[in-house]
Amino acid sequence: MKKKWIVIIPISLYVACLVCINSAFKTLFTMQGEISPEQFEQIQNAQQIMSIGKTVSLFLVLISFSLFGYFGLKEGRMKWLNAGIGTVVIEILVAMLFSKISTGAWLVYAEQFQFSRWFWIILFILWLGFFIGIKRKQN
């Protein structure tokens, strides 16, 4: 049971990633007036942080789901796979809520889930693999 607490690591990193994206977003919207070369570099850095942060957040969600699926496969119980799907939904809702609280718009920090087809394809393949594996182990 102690090893199962490892699931908290990618979830915690996901929250930290959202905070970094928020910081970069706020940096972009605090700049006013004419843009100096230093400010232009800050803008590029903030945009890169947001882009990398959104991609990393997708991978962290996949990692947390995979850990739940692995525990389900190891024990042969569907409750872990269901918990993994629930975690994905909660992580998306947290990103949306954090976005709404921080910026007033729902999808600023959750748009990566909407626009990345590869994420949903990989998530489905992982889910299907774990589902079939657990069903075989149960039989």
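As a basis for the values below, the full set of heavy atoms in this structure was taken, side chains included, without hydrogen atoms, waters or symmetry mates.
Taking SG of C17 as the start and NZ of K54 as the end, the distance is 10.5 Å to the nearest 0.5 Å. Rounded to the nearest 0.5 angstrom, L60 CG and E91 CD are separated by 8.0 Å. Atom OG1 in T87 sits 3.5 Å away from atom CZ in F68 (nearest 0.5 Å). For the atom pair CG (L62) and CD1 (I122), the distance works out to 6.0 Å, reported to the nearest 0.5 Å. In this structure, CZ in F113 is found 10.0 Å from CG in L93, a value given to the nearest 0.5 Å. Of the inter-residue distances, the one linking L123 atom CG with W118 atom CH2 reads 10.5 Å to the nearest 0.5 angstrom.
Note on I49 and L58: separate hydrophobic clusters, where clusters join Ile, Leu, Val, Met, Phe, Trp and Tyr whose side-chain heavy atoms are under 4.5 Å apart, directly or indirectly.
Between the Q39 side chain and the S36 main chain, a donor and an acceptor come within less than 3.5 Å of each other. In this structure, S12 contributes its side chain and I8 its backbone to a donor-acceptor pair below 3.5 Å. With T30 contributing its side chain and K26 its backbone, the two residues share a donor-acceptor pair below 3.5 Å.
I21 approaches G53 most closely through the heavy-atom pair CD1-C, 3.5 Å. Shown here for A95 and L18, the closest heavy-atom pair between the two residues is CA-CD1, 3.9 Å.
Atom OH of Y70 sits in a sparse spot, with 12 or fewer heavy atoms from other residues, nucleotides or ligands closer than 6.0 Å.
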Determine, step by step, whether K4 and W80 satisfy the side chain to side chain contact (heavy atoms under 4.5 Å, CB included) criterion, reporting the C-alpha distance in whole Å, the side-chain angles of both residues, the deciding distance to 0.1 Å, and the verdict.
CA-CA 10 Å; K4 294 184 174 105; W80 287 104; 3.2 Å; yes
Check step by step if side chain to side chain contact (heavy atoms under 4.5 Å, CB included) holds for V7 and F71.
CA-CA 10 Å; V7 172; F71 294 138; 3.4 Å; yes
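Taking Ile, Leu, Val, Met, Phe, Trp and Tyr as hydrophobic and joining them when side-chain heavy atoms fall under 4.5 Å apart, one finds F115 isolated, its cluster having no other members. Within the hydrophobic cluster formed by Ile, Leu, Val, Met, Phe, Trp and Tyr side chains joined at under 4.5 Å, directly or through other members, I125 is accompanied by I121.
Listed by chain and residue number, nothing satisfies the salt bridge (charged side-chain N to carboxylate O under 4.0 Å, His left out) test with E41 (two or more places apart in sequence, or in another chain).
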Please list, one pair per line, the donor and acceptor atoms closer than 3.5 Å that link side chains of residues 101-108 to other protein atoms, with sequence neighbours excluded.
| from | atom 1 | to | atom 2 | distance (Å) |
| --- | --- | --- | --- | --- |
| S102 | OG | F98 | O | 3.0 |
| T103 | OG1 | S99 | O | 2.7 |
| T103 | OG1 | A105 | N | 3.2 |
| T103 | OG1 | A105 | O | 3.4 |

Side-chain donor-acceptor distances from residues 129-138 under 3.5 Å, at least two apart:
| from | atom 1 | to | atom 2 | distance (Å) |
| --- | --- | --- | --- | --- |
| K137 | NZ | L73 | O | 3.3 |
| K137 | NZ | K74 | O | 2.6 |
| Q138 | NE2 | G76 | O | 3.2 |

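In summary, the side chains of S57 and Q112 do present a donor paired with an acceptor at a separation below 3.5 Å, with no hydrogens or angles considered.
Centroid-to-centroid, the aromatic rings of W120 and F65 stay 6.0 Å apart or farther.
Applying the salt bridge (Lys or Arg N to Asp or Glu O under 4.0 Å) rule to pairs touching residues 112-126 yields nothing, sequence neighbours excluded.
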